[in-house]
Amino acid sequence: MVPNVDYHMHTPLCGHAKGDPQEYAARAIEMGLNEIGFSDHAPLLSHRDPTITMDMSQLELYHTMIESVRDELKDKLTVRIGIEADFLPGYEDRTRALLARYPYDYVIGSVHFISDWGFDDPIQLKQWDKKDVNKVYRDYYKLVRKSAASRLFDIIGHADLVKKFDFHPTEDMTGEIEENARAFKKSGVVVEINTSGLRRPIREAYPSPLALKIYQRHGVPLTFGSDAHTPKDVGRDLDKARELAITAGYKEYAVFKGRRIAEMRPL
Ligand code: ZN
Ligand code: FE
Ligand code: FE
Ligand code: ZN
């Protein structure tokens, strides 16, 4: 059995995903999902890079594209319009303005940068060698905390993405995760189980089983995403994600509409 929602998928507009939204939607139907949401990378406000995010001028097209899939499939599949936006400290006001330009069903807030280092970018992988891994983890968790506190986002994307390349901290990070759980609860954000980690060197969904338990204990709601950058990954490993959620003590998950939790569905 799979949870019937996948809220994290991309489009070719970000410059590193393949396949038309129609193909993502077709795959979702094939996988037995009844609700999906697109969440392509919002234009990066710190610098322009057409290989990692959409450009400001493409936002309009993004919306028209998803709306047409939504309208076309409305009897078969619920299609939500989300977006994945970077949390960049110092850019909060500009991010708020960017997100206000169009209506969304939800906004996923993601930390992909520590200062200007794209720590999850394979092209910048070498920089890990020069870093203090414990400090990287602590800096990362602190940014995620700040992203929740910013109230810019509805869903916290891949809440322990820092583990992607399988660099392990030697210090215990449980305190950081606890602190994040409190911040999530306080700002009312939802966490996603993002199955893309299973396809990365870490071979584990984001967030870890331990982190999920901590979020559950703090009453942080949950939702699901595959982070598909290709149609074949839509709905991928959501069966495993559901098991992880149940093991962590979750009983239900959130679905969104108009930037609010529309419903809590039983797992
Ligand atoms: Zn991406
Ligand atoms: Fe991301
Ligand atoms: Fe993504
Ligand atoms: Zn992502």
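Every number for a ligand or one of its atoms is a count from 1 in the order of the listing.
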Distance, nearest 0.5 Å, that separates CG of Asp6 from CD1 of Ile36: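 If we round to the nearest 0.5 Å, Asp6:CG and Ile36:CD1 are 7.5 Å apart.
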Measure the spacing between CD1 of Ile83 and CE of Met54 and express it to the nearest 0.5 Å. 4.0 Å
Heavy-atom pair with the smallest gap, counting every atom of Ala241 and Thr195: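 Looks like CB-CG2, 3.8 Å.
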Do you see an N/O/S atom of His229, backbone or side chain, under 2.8 Å from the Fe ion (ligand 3)? no
Vertex the Fe ion (ligand 3): angle to NE2 of His10 and OD1 of Asp227, to 10°? 90°
Please work out the angle at the Zn ion (ligand 1) defined by atom NE2 of His41 on one side and atom NE2 of His16 on the other, rounded to 10°.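 Taking the Zn ion (ligand 1) as the apex, I get 100° for this pair.
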Of the N, O or S atoms in Glu84, the one nearest the Fe ion (ligand 2): OE2
Suppose we only allow N, O or S atoms; which atom of His8 ends up nearest to the Fe ion (ligand 3)?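 Of the nitrogen, oxygen and sulfur atoms in His8, the Fe ion (ligand 3) lies nearest to NE2.
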Any N/O/S atom, side chain or main chain, of His112 closer to the Fe ion (ligand 2) than 2.8 Å? yes
Step by step, would you call His112 with Asp120 a side chain to side chain donor-acceptor pair (under 3.5 Å)? CA-CA 6 Å; His112 300 110; Asp120 83 314; 4.7 Å; no
Measure centre to centre between the rings of Tyr140 and Phe119, then say whether the value is under 6.0 Å.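 For Tyr140 and Phe119, the ring centres are under 6.0 Å apart.
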